[in-house]
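To keep things clear, I will list the structure first and then write my remarks on it.
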Amino acid sequence: MDLGAIDIKRSIVGTLGIVVAVVFIGLLGPAGLLAGLCAIFLGVLDDPAPLRDRLIARARFVTIGALTVGLLAWSGDSLGWATLVAGLVTYVGTLAAGWGKRAAAEGQFLVLLAVVTLMVGSTDLSPVELALSFAAGGIFATAVSILGSRWSGDDAENVADAADGSAEPGPSPVATDLDLDAIREVARSTVGRFALLRAAAVAIATAAGYELFERHPVWAMLTVVLVLQPPARQTWTVGLQRTAGTIAGVAVGIAAVVLLDSSTAALAVAFVAAGFGMMAFTGVNYVVSTAFTTCVLLVSQRILQEDAFSTGWERIGATVLGTVIALAVVFVAVT
């Protein structure tokens, strides 16, 4: 583990982002969470393409995302529908990697969005209202991006480059011409086969999670999403690392809750400290970052007056289950 790789500035900014997100969610609820997620994701996307291509790509992404939210919010109370939609979203999101890095990032976000939407569960808002909340976040982020581009003159430079031929050759970073032949070609490729593999694992984990973990049924699905990523041969290593980090995080998180349970302020400090550790070790050491993530979860659950012990055991069980499902699906696929 290279401690020199820890970016303190990024960790501080990320920790502040976690705190702001928690406050944001507390004030605006699930609708604010979904709108904020869409706005933040689109805000950090690199969009060097001309304005027209960006608007087409963003409109397509926001539309697919809103449909994802609406379908999963509608299907959340039905095990069969939740399993089917989660698998379908995972397949489409993973298949997007066949169109380049930007599409792969969008696809991965949609898969994680499916997890978040199922985690939100039943709310006072209808599926249509949640979908529109997500779309509103995308519209806001796009408006800010357009205003920023015009203010800096980036759009004018893009148009000028296209007119005089000075733009770099190659495909546009924003794909706007997805035809059926291209979709079929990607579906038959290695990416397409992996997408089927991942979708099957997510569907199985979703069904098993809803059957076995009443309070947190989506954690097994989340484990599959995070563990089963290309290349599939690394699933065993990543699964073991996530399981080890989860067990360590549960042990440390429960110890922190036991020691600090008498003071909400102390628990809040522990939450921020664990959040800083999570951000600091992300990309540096997966076991340690997972341990800090689990600490964040357990401490936050205790602040919300949940039982940290039962939450910890459920977290370990869901992680082990998700890892076993991912490994089993990979084993079946290669034999």
Side-chain angles (χ1 to χ4, degrees), residues 1 79-80 82-98 104 107-116 118-119 187-251 253 278 281-294 297 311-335:
M1 180 168 58
L79 174 59
T83 300
L84 177 63
V85 177
L88 178 61
V89 171
T90 302
Y91 177 72
V92 173
T94 307
L95 198 66
Q108 180 69 353
F109 176 84
L110 287 175
V111 175
L112 292 173
L113 178 64
V115 177
V116 172
L118 287 176
M119 280 184 176
R188 294 167 181 164
S189 68
T190 303
V191 173
R193 292 192 292 273
F194 178 77
L196 280 175
L197 179 74
R198 199 177 188 212
V202 165
I204 295 170
T206 303
Y210 271 86
E211 288 289 342
L212 299 175
F213 305 108
E214 182 179 355
R215 293 172 58 216
H216 303 286
V218 189
W219 282 352
M221 172 189 175
L222 176 62
T223 296
V224 170
V225 169
L226 296 177
V227 167
L228 189 52
Q229 298 196 43
R233 64 178 178 274
Q234 292 186 0
T235 301
W236 171 256
T237 301
V238 178
L240 285 179
Q241 290 176 338
R242 183 167 182 81
T243 302
T246 298
I247 294 172
V250 167
M278 177 181 71
F281 284 93
T282 297
V284 177
N285 186 286
Y286 188 56
V287 175
V288 178
S289 67
T290 300
F292 276 117
T293 302
T294 304
L297 177 66
T311 300
W313 282 115
E314 194 163 317
R315 181 72 170 181
I316 292 173
T319 300
V320 172
L321 175 63
T323 299
V324 169
I325 290 172
L327 289 172
V329 170
V330 171
F331 177 78
V332 170
V334 299
T335 55

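Model, not experiment: these values are computed from the prediction. Hydrogens, waters and symmetry mates play no part in the numbers below; they use all other heavy atoms, side chains included.
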Can you list, pair by pair, the side-chain donor-acceptor contacts under 3.5 Å of residues 212-219, counting residues two or more places apart and other chains?
{"unit_1": "R215", "atom_1": "NH1", "unit_2": "S310", "atom_2": "OG", "d": "2.8"}
{"unit_1": "R215", "atom_1": "NH2", "unit_2": "E306", "atom_2": "OE1", "d": "3.1"}
{"unit_1": "R215", "atom_1": "NH2", "unit_2": "T311", "atom_2": "OG1", "d": "3.2"}

What heavy-atom pair brings [X] and [Y] nearest, and what distance separates the two atoms?
X	Y	result
A220	L321	CB-CD2, 4.0 Å
N285	V288	OD1-N, 2.9 Å
M221	A86	CE-CB, 3.9 Å
V89	A114	CG1-CB, 4.0 Å

Show me, pair by pair, the donor-acceptor contacts under 3.5 angstrom made by side chains of residues 236-245, not counting sequence neighbours?
{"unit_1": "R242", "atom_1": "NH1", "unit_2": "Y286", "atom_2": "OH", "d": "3.2"}
{"unit_1": "T243", "atom_1": "OG1", "unit_2": "G239", "atom_2": "O", "d": "2.8"}

Rounded distance [0.5 Å steps], OG1 in T294 versus CD1 in I247:
10.0 Å
How many angstroms lie between OG1 in T83 and CG in L118, if you round to the nearest 0.5 Å?
9.0 Å
Could you list the donor-acceptor pairs under 3.5 angstrom formed between side-chain atoms of residues 201-208 and any protein atom two or more places apart in sequence or on another chain?
{"unit_1": "T206", "atom_1": "OG1", "unit_2": "V202", "atom_2": "O", "d": "2.7"}

Residue pairs fulfilling salt bridge (charged side-chain N to carboxylate O under 4.0 Å, His left out) with at least one residue in residues 218-229, sequence neighbours excluded:
none
Can you give me every donor-acceptor pair (side chain of residues 191-199, partner residue at least two apart or in another chain, under 3.5 Å) with its distance?
{"unit_1": "R193", "atom_1": "NH1", "unit_2": "R188", "atom_2": "O", "d": "3.1"}
{"unit_1": "R193", "atom_1": "NH2", "unit_2": "T190", "atom_2": "OG1", "d": "3.2"}
{"unit_1": "R198", "atom_1": "NE", "unit_2": "L228", "atom_2": "O", "d": "2.9"}
{"unit_1": "R198", "atom_1": "NH1", "unit_2": "T94", "atom_2": "OG1", "d": "3.0"}
{"unit_1": "R198", "atom_1": "NH1", "unit_2": "Q108", "atom_2": "OE1", "d": "3.3"}
{"unit_1": "R198", "atom_1": "NH2", "unit_2": "Q108", "atom_2": "OE1", "d": "3.1"}
{"unit_1": "R198", "atom_1": "NH2", "unit_2": "V225", "atom_2": "O", "d": "2.9"}

Y91 meets the ring pair (Phe, Tyr, Trp, His ring centres under 6.0 Å) criterion, sequence neighbours left out, with none
